[in-house]
Amino acid sequence: MKTVLLTGGTGYIGSHTAVELINAGYKVVIVDNLTNSSIDSIEGIHKITGVRPDFVKADCSVCCEMESLFKKYNGFHSIIHFAALKAVGESVEKPLEYYHNNLSSLINLLQLMKKGGGGDLVFSSSCTVYGQPDSLPVTEKSPYKPATSPYGNTKKIAEDILRETINVNSSIKGIALRYFNPIGAHSSAEIGELPLGKPDNLIPFITQTAVGIREKLQIFGNDYDSADGTAIRDYFHVVDLAKAHVLALKRLEENRNKAGFEVFNVGTGKGVTVLEIVKAFEKVSGLKLNYEIVGRRAGDIEKVWADTTLANTELGWKTQSTLEEALLTAWNWEKKLREVKSEK
Ligand code: NAD
Ligand code: UFG
C-alpha cells in the first residue's frame with residue numbers, strides 16, 4: 001500500500017482528499033499543527049471510510065519536526081502539501097508570518113525529499129497567482145499579474161521554488177493544482193469547512209447567517225462589471241477538488257508527467273456572481289437570506305474563472321457536482337455542526 005503524507009490534512013480540503021485517497025486504496029498519514037483545524041476531522045474521516053488515518057501533530061515550518069516525521073515513516077511515497085495560512089486579509093497585516101509559514105514548510109519538505117532520494121509532490125496553488133487577468137477564462141499560460149496580497153505571493157513564489165528545484169532534481173516530480181473556489185462539504189456532513197472565528201469566505205458566511213450565528217451577509221461591492229454588479233468567481237464542489245488530487249498522484253505514478261513540474265487549473269470553467277450564489281443558496285435551503293450591499297473589499301479582484309481544458313484532457317478530471325448540490329452539502333454540514341455543538 002502506498003503511503004501518502006497529507007500536510008494540513010485535518011483542514012478543509014485536506015480532510016476531503018484523505019477520504020478520496022483512502023477510498024482509492026492509499027495509506028494516509030496526516031501532519032497538521034491544528035492552527036486552523038480540529039482533530040475532529042480525523043474522526044470524521046474514520047466515520048466515512050472506516051479507516052483512521054495516522055495523525056502527527058507537528059509544524060511543517062520547523063525543520064526538526066519534519067525530520068522526525070520522515071524518519072518515523074522512512075520517507076513517503078508521495079506528499080500532498082496543503083499546509084498553509086490562507087487568509088488573504090490577514091496576510092496583509094502579517095506578511096512575515098505568511099512568508100515564513102508557507103514558504104519554509106515547502107522548502108523543508110523539498111529538502112527532505114531530496115535527501116531521501118526524491119518522490120512525488122502535489123502542491124495546493126491558487127487562482128490568486130493570476131491576479132486580475134486581462135482576458136477570461138484564464139489558462140495555465142495566461143500571464144501572471146502582480147499578486148494582490150502576501151498570501152497570493154506565497155503561492156506564486158512556491159510555484160517558482162518548485163519549478164526551479166525540480167528542474168535540477170529529476171528524482172522529484174511535482175504538480176501544482178491551481179484551485180479556483182472550492183465550496184461545500186462531504187455528503188455525509190461528517191467533514192466540511194470549519195473556519196475559526198468570523199469567516200472570510202463567502203459560503204461559510206452565508207451558512208452561518210442562515211443558521212443564525214451572523215446577523216447578515218455583507219456583499220462586497222455591486223459596482224463591478226458583471227450582470228448584477230457583484231464580483232464573479234468559479235465555485236466548485238470540494239469533493240470534486242479532492243478527486244483531482246487522486247488523479248494528480250496517479251499521473252505522477254504513471255510517469256505521464258514528463259515535464260517534471262506541471263500546473264493545472266481546477267474549477268468549472270463558469271463564472272458566477274455573489275448575488276447568483278445568494279439566490280442559489282436561498283433556493284436549496286428554502287430560506288430568505290438577510291444581506292446588505294457594502295463597499296468593495298480591499299484586495300478583491302473583479303472576476304476570474306478557469307479554462308479547465310488541460311485538467312480535462314491530461315488529468316481526465318472534470319467537476320461532477322452542480323453548484324446547487326455543493327451549496328446543499330455546505331448547508332447540511334452547517335446545520336449538523338450546530339446541532340452537535342449545542343448538544344455538547
Ligand atoms: P485550511 O486552513 O482548512 O487547511 C490548512 C491546514 O494547514 C490547517 O489544518 C492548518 O492547521 C494547517 N497548517 C497551516 N500551517 C501549518 C504548518 N506550518 N504546519 C502544519 N500544519 C499547518 O485551508 P484549506 O482551505 O483546506 O486550504 C488548503 C490549501 O489550499 C492551502 O494551501 C490553501 O492556501 C490552498 N487554497 C485554498 C483555497 C480555498 O478557497 N480554500 C483556494 C486556493 C488555494
Ligand atoms: N464575499 C462577500 N461577502 C463575504 C465574503 C465574500 O461579498 O462576506 C465576496 C468576495 O468579495 C468575493 C466572493 O465573495 O467577491 C468570494 O470571496 P471568498 O473570500 O469566498 O473567495 P476569494 O475568491 O476572495 O478567495 C478564495 C480564498 C483564497 C484563495 C482564492 C482563490 O479565500 O484563499 O479563493 O482560490 F486564494
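In what follows, every heavy atom counts, from backbone to side chain, and hydrogens, waters and symmetry copies are set aside. Note that the coordinates shown come from a computational prediction; the quantities given were computed from them, not determined experimentally. Just follow the structure's listing: the first ligand is 1, and inside any ligand the first atom is 1.
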Novice: Between Tyr144 and Glu159, is any side-chain donor less than 3.5 angstrom from a side-chain acceptor?
Specialist: yes
Novice: Out of Ala87, Ser125, Ala58, whose heavy atom is nearest to atom 44 (C) of ligand 1?
Specialist: Ser125
Novice: Starting from atom 11 (O) of ligand 1, what is the nearest protein heavy atom, named by residue and atom, and what distance separates them?
Specialist: Asp32 OD1, 2.6 Å
Novice: Would you say Asn181 contacts ligand 1, with heavy atoms under 4.0 Å as the rule?
Specialist: no
Novice: State if Tyr130 counts as touching ligand 2 under the rule of any non-hydrogen atom under 4.0 Å.
Specialist: no
Novice: I want to confirm something. Looking only at heavy atoms, which of Phe82, Tyr179, Tyr235, Tyr151 is nearest to atom 30 (O) of ligand 1?
Specialist: Tyr179
Novice: Of the protein's non-hydrogen atoms, which lies at the shortest distance from atom 17 (C) of ligand 1, and what is that distance?
Specialist: Asn33 ND2, 3.3 Å
Novice: Between Ser171 and Asn169, is there a side-chain donor-acceptor contact under 3.5 Å, judged purely by atom types and distance?
Specialist: no
Novice: Need the ligand 2 atom indices (1-based, order shown) with element for anything under 4.0 Å from a heavy-atom of Ala231.
Specialist: 15 (O)
Novice: Measure the distance from atom 37 (C) of ligand 1 to every protein heavy atom, then report the residue, atom name and distance (to 0.1 Å) of the closest one.
Specialist: Ile13 CD1, 3.7 Å
Novice: Please identify which atoms of ligand 2 are closer than 4.0 Å to at least one heavy atom of Lys86.
Specialist: 33 (O)
Novice: May I have the step-by-step check of side-chain hydrogen bond (donor to acceptor under 3.5 Å, both in side chains) for Tyr179 and Asn265, ending in yes or no?
Specialist: CA-CA 6 Å; Tyr179 312 158; Asn265 285 344; over 6 Å; no
Novice: Tell me the protein heavy atom at minimum distance from atom 39 (C) of ligand 1, and give that distance in Å.
Specialist: Pro182 CG, 3.8 Å
Novice: Which option wins on minimum heavy-atom distance to atom 14 (C) of ligand 1: Ser38, Gly14, Gly8, Ala84?
Specialist: Ala84
Novice: Does the pair Asp54 and Tyr73 meet the rule for a side-chain hydrogen bond (donor to acceptor under 3.5 Å, both in side chains), with working shown?
Specialist: CA-CA 11 Å; Asp54 286 12; Tyr73 286 93; 2.7 Å; yes
Novice: Using a 4.5 Å cut-off on heavy atoms from C-beta on, say whether the side chain of Trp333 contacts that of Thr329.
Specialist: no
Novice: What are the atoms of ligand 2, with element, lying closer than 4.0 Å to any heavy atom of Tyr235?
Specialist: 13 (C), 14 (O), 16 (C)
Novice: What residue and atom, counting heavy atoms only, is the protein's closest point to atom 15 (N) of ligand 1, and at what distance?
Specialist: Asn101 ND2, 3.1 Å
Novice: Counting only heavy atoms not in Lys27, do more than 12 fall under 6.0 Å of its NZ?
Specialist: yes
Novice: Of the choices Lys86, Glu193, Met66, which has the non-hydrogen atom that lies closest to atom 41 (N) of ligand 1?
Specialist: Lys86
Novice: Got the closest protein heavy atom to atom 20 (O) of ligand 2, with its distance?
Specialist: Leu202 N, 2.9 Å
Novice: Backbone or side chain, does any N or O of Val31 fall under 3.5 Å from an N or O of ligand 1?
Specialist: no
Novice: Please list the nearest protein heavy atom to atom 34 (O) of ligand 2 with its residue and the distance rounded to 0.1 Å.
Specialist: Asn181 ND2, 3.6 Å
Novice: Any nitrogen or oxygen of Ser126, main chain or side chain, under 3.5 Å from a nitrogen or oxygen of ligand 1?
Specialist: no
Novice: Check for me whether Leu34 has a heavy atom closer than 4.0 Å to any atom of ligand 1.
Specialist: yes
Novice: Going by atom types alone, do Ser78 and Asp120 pair a side-chain donor with an acceptor below 3.5 Å?
Specialist: no
Novice: Counting neighbours of NZ on Lys71 that are heavy atoms of other residues, nucleotides or ligands and sit closer than 6.0 Å, is the number greater than 12?
Specialist: no
Novice: Could you tell me how the ring of Tyr98 sits relative to the ring of Tyr151: parallel (under 30°), tilted (30 to 60°) or perpendicular (over 60°)?
Specialist: perpendicular
Novice: Quick one: do Thr268 and Tyr235 satisfy side-chain hydrogen bond (donor to acceptor under 3.5 Å, both in side chains)? Show the steps, please.
Specialist: CA-CA 7 Å; Thr268 63; Tyr235 300 91; over 6 Å; no
Novice: Please check if the number of heavy atoms outside Glu215 that lie under 6.0 Å from its CD is greater than 12.
Specialist: no
Novice: Check if Lys155 has a non-hydrogen atom at a distance under 4.0 Å from any atom of ligand 1.
Specialist: yes
Novice: Can you tell me if Lys318 has over 12 outside heavy atoms packed within less than 6.0 Å of its NZ?
Specialist: no
Novice: List the closest protein heavy-atom neighbour of atom 12 (C) of ligand 2: residue, atom name, distance to the nearest 0.1 Å.
Specialist: Arg233 NH2, 3.7 Å
